[in-house]
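As a basis for the values below, the full set of heavy atoms in this structure was taken, side chains included, without hydrogen atoms, waters or symmetry mates. All chains are named by letter (A, B, ...) in the order of the sequence lines, taking the proteins before the strands, and each is independently numbered beginning at 1. All values reported here derive from a predicted model rather than from experimental measurement.
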Amino acid sequence: MAALQPVRGTHDLFPEEYRRHRQVVETARAVSARAGYGEMALPIFEFTDVFQRTLGETSDVVTKEMYTFEDRGGDRITLRPEATAGVARALISGGLSQDLPLKVFVSGPMFRYERPQKGRLRQFHQIDIELMGVAEPLGDVEVIAVGAQILEALGVLDRTTLEINTLGDGESRTAFRDALVDYLSAHRSALSEDSRERLDRNPLRILDSKNEEDRRIVEGAPAFGDYLNATSRDFFAAVLGGLDSLGIAYTLNQRLVRGLDYYCHTAFEFTTTDLGSQGAVLAGGRYDGLVSTMGGPATPGVGWAGGIERLAMLAGDPDPAPRPIAVVPIGEAAAAVALPLAHRLRAAGFVAELGYRGNLQRRMKRANKIGARAAVIMGDDELAADSATVRDLDSGEQEQVALGALQDYLGRFR
RNA sequence: GUGGGCGUAGCUCAGGCGGUUAGAGCACCAGAUUGUGGAUCUGGGGGUCGGGGGUUCAACUCCCCUCGCCCACCCCA
């Protein structure tokens with residue numbers, strides 16, 4: 001299109017819609033703060049290496065989905081596709097491994113170079129918490145519980161399902177992966193083209209295939225549970241036990257997987273069926289190998305990310321904005337008084353709107369349109385009496401009030 | 001990246017098997033109402049019919065390309 005338009009997959013958020021986003025972020029910030037997670041800010045871009053190093057063998061594919069470019073100094077830069085790698089990098093470069101556990105809340109824009117669809121933009125927004133330095137299953141429980149409390153506070157928990165699985169520790173996962181690849185290789189010719197490729201690249205993902213024939217084959221595949229060693233089984237049992245004790249409902253889903261090697265133990269997603277095929281609203285897991293993969297000291301970690309757009313679509317309307325008081329002068333003498341009056345009202349904590357032009361009727365229409373709760377009308381008559389006429393725009397009743405008593409009187413409209 | 005659907009006013013949409021001034025509702029502006037909003041009535045502004053090219057005497061309409069949106073696939077670190 002010739003006309004000016006935003007870059008594909010990006011979106012303007014005007015105040016009305018942005019309030020829905022703020023509701024999600026503010027709720028998440030407040031709830032996570034009660035569990036001891038402090039908000040931090042991260043750069044919106046990093047050296048490409050920061051993200052690429054966390055992607056391992058699948059990087060060929062995933063790199064194509066990153067927003068990457070070369071800056072003027074010739075450095076390869078990537079707009080962050082998620083927050084976890086940035087937190088891990090900050091932990092390493094900030095020397096924070098001396099001061100664990102690290103408990104942080106992050107929110108803001110993320111970028112992926114993908115074809116947009118419902119709930120999936122190129123610039124999207126996430127909330128995110130990370131708990132680093134805690135190897136105990138209690139950490140997984142806390143992180144999931146905070147997510148559940150946020151969903152509850154947003155009123156969407158009952159429209160989501162918590163799906164959970166364990167990937168076990170490294171030993172278990174390797175054993176399972178080998179068994180799975182053996183099994184699937186025997187059925188290679190029957191797999192879909194996509195899955196034949198996955199078999200080499202990211203075999204666990206085949207468990208999640210939407211292809212019907214694939215699913216038939218997957219039904220006969222080895223089960224993850226059979227390959228878990230005692231350590232892994234105990235860990236998972238402890239996580240589930242913690243959730244049980246908190247009354248957090250979950251569904252075991254053995255097809256819920258993560259492709260990369262540093263993931264281990266718990267993987268979970270809060271999903272919904274209300275958003276088409278982009279069903280995950282808040283998802284995460286344990287990543288004990290991440291920090292060392294990036295070159296830092298071995299540091300366990302667990303966390304999640306939630307999609308703000310998706311959560312905002314599910315959540316109800318946010319609390320309405322406070323309704324303004326409209327200051328309505330009639331004539332120039334009154335206008336000279338109205339300006340400082342509106343200023344004083346704002347200083348006193350009122351939301352005050354002073355129109356910019358127009359006669360009384362015009363200004364009253366405007367006051368109605370912006371949803372003003374009351375109008376403070378001032379003309380020559382009121383000025384002469386050092387007063388203003390205050391009209392309740394809901395009831396239509398009005399009363400003349402001395403300027404000295406005005407703020408007090410307007411208190412009823414807060 | 002692949003496949004499908006859709007682009008007409010700020011918004012939601014109608015329309016014409018190619019024909020001269022392109023419509024409605026809502027929204028906006030003005031007036032009825034020169035010190036009173038919401039309701040009603042009257043009038044008004046606003047469109048290169050997404051963009052480019054082609055066919056034609058004539059294209060918003062047909063054809064091709066392109067951009068964008070939506071849906072599914074892929075991907076989901």
Exercise for the section: Write down the distance separating the C1' atoms in B:U21 and B:U2, rounded off to the nearest Å. Expected result: 46 Å
Handout entry: Base-pairing mate for B:C57 - Watson-Crick or G-U, with both contacts under 3.5 Å
Key = B:G19
Problem - Span that lies between the C1' atom of B:G38 and that of B:U33, in whole angstrom - result: 15 Å
Exercise for the section: Please determine, by modelled atom types, if A:Asp169 and A:Asn229 share a side-chain donor-acceptor pair under 3.5 angstrom. Expected result: yes
Problem - Gap in Å between the two C1' atoms, one belonging to B:G44 and one to B:G4, rounded - result: 43 Å
Completion exercise
When both distances are under 3.5 Å in a Watson-Crick or G-U wobble arrangement, the nucleotide paired with B:C29 is B:G43
Problem - Whole-Å P distance, B:C70 and B:A77 - result: 23 Å
Practice task
Give every residue pair that meets the ring-ring contact (aromatic ring centres under 6.0 Å, His included) criterion with at least one member in residues 123-151 of chain A, sequence neighbours excluded.
Solution key: A:His21-A:His125
Handout entry: Atom pair distance, as rounded to whole Å: CZ in A:Arg112 and C1' in B:C75
Key = 9 Å
Exercise for the section: Going 5' to 3' through nucleotides 31-44 of chain B, assign each nucleotide B (protein heavy atom under 4.0 Å from a base atom), S (under 4.0 Å only from sugar-phosphate atoms) or - (no protein heavy atom that close). Expected result: --B-BBBB------
Exercise for the section: Using a heavy-atom cut-off of under 4.0 Å over every strand shown, decide if A:Arg198 touches base, sugar-phosphate, or nothing. Expected result: sugar-phosphate
Problem - Euclidean distance for C1', B:A27 against B:G46 (whole angstrom) - result: 12 Å
Fill in the blank from the handout: Checking N1-N3 plus N6-O4 or O6-N4 for Watson-Crick, or N1-O2 and O6-N3 for wobble, each under 3.5 Å, the partner of B:C6 is B:G68
Completion exercise
Any strand, both distances under 3.5 Å, Watson-Crick or G-U wobble: B:A14 pairs with none
Practice task
Just jot down the side chain to side chain contact (heavy atoms under 4.5 Å, CB included) partners of A:Tyr409, sequence neighbours excluded, or say none.
Solution key: A:Val390, A:Glu399, A:Val401, A:Arg412, A:Phe413
Handout entry: Nucleotide B:C73, atom C1' - distance to CD of A:Glu197 in whole Å
Key = 14 Å
Handout entry: Pairwise C1' distance, B:G47 and B:G51 [rounded to whole Å]
Key = 15 Å
Completion exercise
Looking only at heavy atoms, the pair that brings A:Met364 and A:Val328 closest together is SD-CG2, 4.3 Å
Completion exercise
When both distances are under 3.5 Å in a Watson-Crick or G-U wobble arrangement, the nucleotide paired with B:U34 is none
Exercise for the section: Taking atom types as modelled, find out whether A:Ser232 and A:Ser172 have a side-chain donor-acceptor pair closer than 3.5 angstrom. Expected result: yes
Handout entry: Length of the CZ-C1' vector between A:Arg115 and B:G5, whole Å
Key = 12 Å
Practice task
Enumerate the residue pairs fulfilling ring-ring contact (aromatic ring centres under 6.0 Å, His included) with a member in residues 321-362 of chain A, sequence neighbours excluded, ordered by first and then second residue.
Solution key: none
Fill in the blank from the handout: So side chain to side chain donor-acceptor pair (under 3.5 Å) across residues 131-148 of chain A, not counting sequence neighbours, yields A:Tyr37-A:Glu142, A:Lys103-A:Glu142, A:Asp140-A:Thr266, A:Asp140-A:Arg286
Problem - Side chains of A:Gln400 and A:Thr389, donor plus acceptor under 3.5 Å - result: no
Exercise for the section: Could you tell me how the ring of A:His265 sits relative to the ring of A:Phe235: parallel (under 30°), tilted (30 to 60°) or perpendicular (over 60°)? Expected result: parallel
Practice task
Calculate the interatomic distance between A:Ile370 atom CD1 and B:C28 atom P; express it in whole Å.
Solution key: 13 Å
Exercise for the section: Report the distance from atom CG of A:Asp194 to atom C1' of B:C76, rounded to the nearest whole Å. Expected result: 14 Å
Practice task
Starting from the 5' end of RNA chain B, give me the residue, A:Arg8 or A:Glu269, whose nearest nucleotide shows up first.
Solution key: A:Arg8
Handout entry: Pairwise distance SG(A:Cys264) to CZ(A:Arg258) - rounded to 0.5 angstrom
Key = 12.0 Å
Handout entry: Whole-angstrom distance between B:G10 and B:C64, as gauged at atom C1'
Key = 32 Å
Completion exercise
In numerical order, the residues of residues 206-223 of chain A whose heavy atoms come under 4.0 Å of RNA chain B are A:Lys210
Practice task
Would you state whether a donor and an acceptor, one from the side chain of A:Arg205 and one from the base of B:C74, lie under 3.5 Å apart?
Solution key: no
Problem - Value in whole Å for how far the P atom of B:A77 lies from CZ of A:Arg201 - result: 12 Å
Practice task
For A:Gln117 and B:G68, give me the distance from atom CD to atom P, rounded to whole Å.
Solution key: 16 Å
Exercise for the section: Considering just the side-chain nitrogens and oxygens of A:Arg53, establish if one lies under 4.0 Å of OP1 or OP2 belonging to B:A77. Expected result: no
Fill in the blank from the handout: In Watson-Crick or G-U wobble terms, with both distances under 3.5 Å, the base opposite B:C76 is none
Problem - Rounded distance in Å between the C1' positions of B:A59 and B:C49 - result: 11 Å
Practice task
Verify the distance criterion only: is there a donor paired with an acceptor across the side chains of A:Thr251 and A:Glu163 at less than 3.5 Å?
Solution key: no
Problem - Sugar-phosphate, base or nothing in reach of A:Gly355, heavy atoms under 4.0 Å - result: nothing
Exercise for the section: Mind calculating the distance between OH (A:Tyr113) and C1' (B:A77) to the nearest angstrom? Expected result: 19 Å
Handout entry: Any-strand Watson-Crick or G-U partner of B:U48, both distances under 3.5 Å
Key = none
Handout entry: Any side-chain donor near an acceptor of the partner, A:Arg177 and A:Thr174, under 3.5 Å
Key = no
